[in-house]
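Only one structure is covered here, and it is reproduced in the block below.
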Amino acid sequence: MKVFITGGAGFMGSNFIRFILGKYPGYEVLNFDKLTYAGNLENVRDLEGDARYQFIKGDIADEKAVKDAIETFKPDAVINYAAETHVDRSIHAPRDFIFTDVIGTYTLLEAVREFNVARFIQISTDEVYGSTPQGKFSEESSFNPSSPYSASKAGGDHMVMAYWKTYKAPIIRTHSCNNFGPFQYPEKIISLFITNILEGKKVPLYQGGEKNMREWIYVEDHCRAIDHILHYGESGEVYNIGSGDEIANIDLTKRLLRLLHAGEEVIEYVTDRPGHDFRYALDSNKLRELGWAPKWSFEEALAETVEWYKAHEAWWKKLKNKDFEKYYTQQYEERK
Ligand code: NAD
Ligand code: TYD
């Protein structure tokens, strides 16, 4: 099978490419990525030289680049991991989110239709369903996004379903809970807090939002879910990908402190994120009935992740540069 993966230089895409090339010796992958601040060729360095793998630097919102790449590669499947993904950045500067997450998704759908690609998988998030104090979202739940990030993802996701209803384009939509694991850019809570603690810095916990809950899945379990959907999913269907492992931010922070032998004085309460969603939670029975289940326990996966960041200091230190510091300072100043 030939698989066209967008955003394969990011966190989840790079893990997925490594996963499917490892599992299927006969598969070929084209990684199409714009290399934004979050895209990093170091994440796929070990794949360079593998004859089954190629990389193209390109923007999913660039119609010509997308069509040329798909026409030449002739993929059996397109999997769209590419996105602007960080909620705080979307609050700070929403524009890129609209171009990539909405127009980029539309541009891929058009190419899939024109070149009769047999399968299109949209990688999306539980955040499009919005926040709920209790219960879980099913695949039938309606969208109620809060941030410019989730609103942009929802726009792209609606377009995906419109291409099924209108043109019978062979799409599948997936919505996952929060991922964590190796190669996550150090801006999301787990990767930021682990690396801050390792650097001897404080961890910025959003005050007022410290009891907010997230459901967490280890990225390898997400890779196995997408692999399963690629082979057994049905066109026109939506699948939620959830672990059932929910934890409040404050409890997650304390666990990380324990794993890294740091004290609670490391926590610094900072101004809360505007529009901060209290809780996301997914009913993923539909995918479980199709034969998938997560393998990792949250505790083991979190410990494994901490070890990975300890062993890959050079990888994340390079990313936490002066611009990174400037962005964080500016963001917190703006919120005060
Ligand atoms: P990431 O930010 O680590 O990586 C995104 C990748 O997309 C980067 O390599 C970047 O260079 C690339 N990209 C951005 N704009 C592009 C464009 N216009 N054209 C081509 N490439 C572009 O993201 P991630 O955490 O790996 O998330 C991957 C996908 O999974 C996203 O669609 C995201 O919405 C979704 N998702 C993420 C999570 C999570 O917890 N991280 C949870 C659910 C769903
Ligand atoms: P994040 O990792 O940004 O994922 P998302 O907002 O997409 O779920 O945030 C997870 C939770 O952690 C969220 O409730 C906000 C909180 N958080 C902090 O308290 N401090 C931080 O510095 C970050 C990045 C997040």
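First listed ligand is number 1; within each ligand, the first listed atom is number 1.
The closest approach between a heavy atom of M213 and any atom of ligand 2 is not below 4.0 Å. Judged by the shortest distance from any of its heavy atoms, P204 lies inside the 4.0 Å radius around the atoms of ligand 2. For Y149, the closest heavy-atom approach to ligand 2 does not fall below 4.0 Å. At a 4.0 Å cut-off, at least one heavy atom of E187 sits close enough to ligand 2 to count as contact.
Using a 4.0 Å cut-off between heavy atoms, I190 makes no contact with ligand 2 at all. Contacts of D277 with ligand 2, taken as heavy-atom pairs under 4.0 Å, are absent altogether. By the criterion of a heavy-atom distance under 4.0 Å, both the backbone and the side chain of L205 are placed next to ligand 2.
Annotation: ring pair (Phe, Tyr, Trp, His ring centres under 6.0 Å) contacts of Y332 (sequence neighbours excluded): Y328.
Protein neighbours of ligand 1 below 4.0 Å, counting non-hydrogen atoms: G7, A9, G10, F11, M12, D33, K34, L35, T36, A38, G39, G58, D59, I60, Y81, A82, A83, T85, T100, I123, S124, T125, Y149, K153, S176, C177, N178, N179.
Counting only heavy atoms of the protein, atom 9 (O) of ligand 2 lies nearest to R273 NH2, 3.8 Å.
Screening W296, F298, F193, Y309 against F180 for a ring-ring contact (aromatic ring centres under 6.0 Å, His included) leaves a single residue, F298.
Of the N and O atoms on the side chains of N240 and K136, not one donor lies less than 3.5 Å from an acceptor on the other residue.
Side-chain contact between Y280 and E127: present, with at least one pair of heavy atoms (C-beta onward) separated by less than 4.5 Å.
Ligand 2 has no nitrogen or oxygen under 3.5 angstrom from a nitrogen or oxygen of K188.
Within the 3.5 Å criterion, the main-chain N or O of L47 finds no donor-acceptor partner in the side chain of R18.
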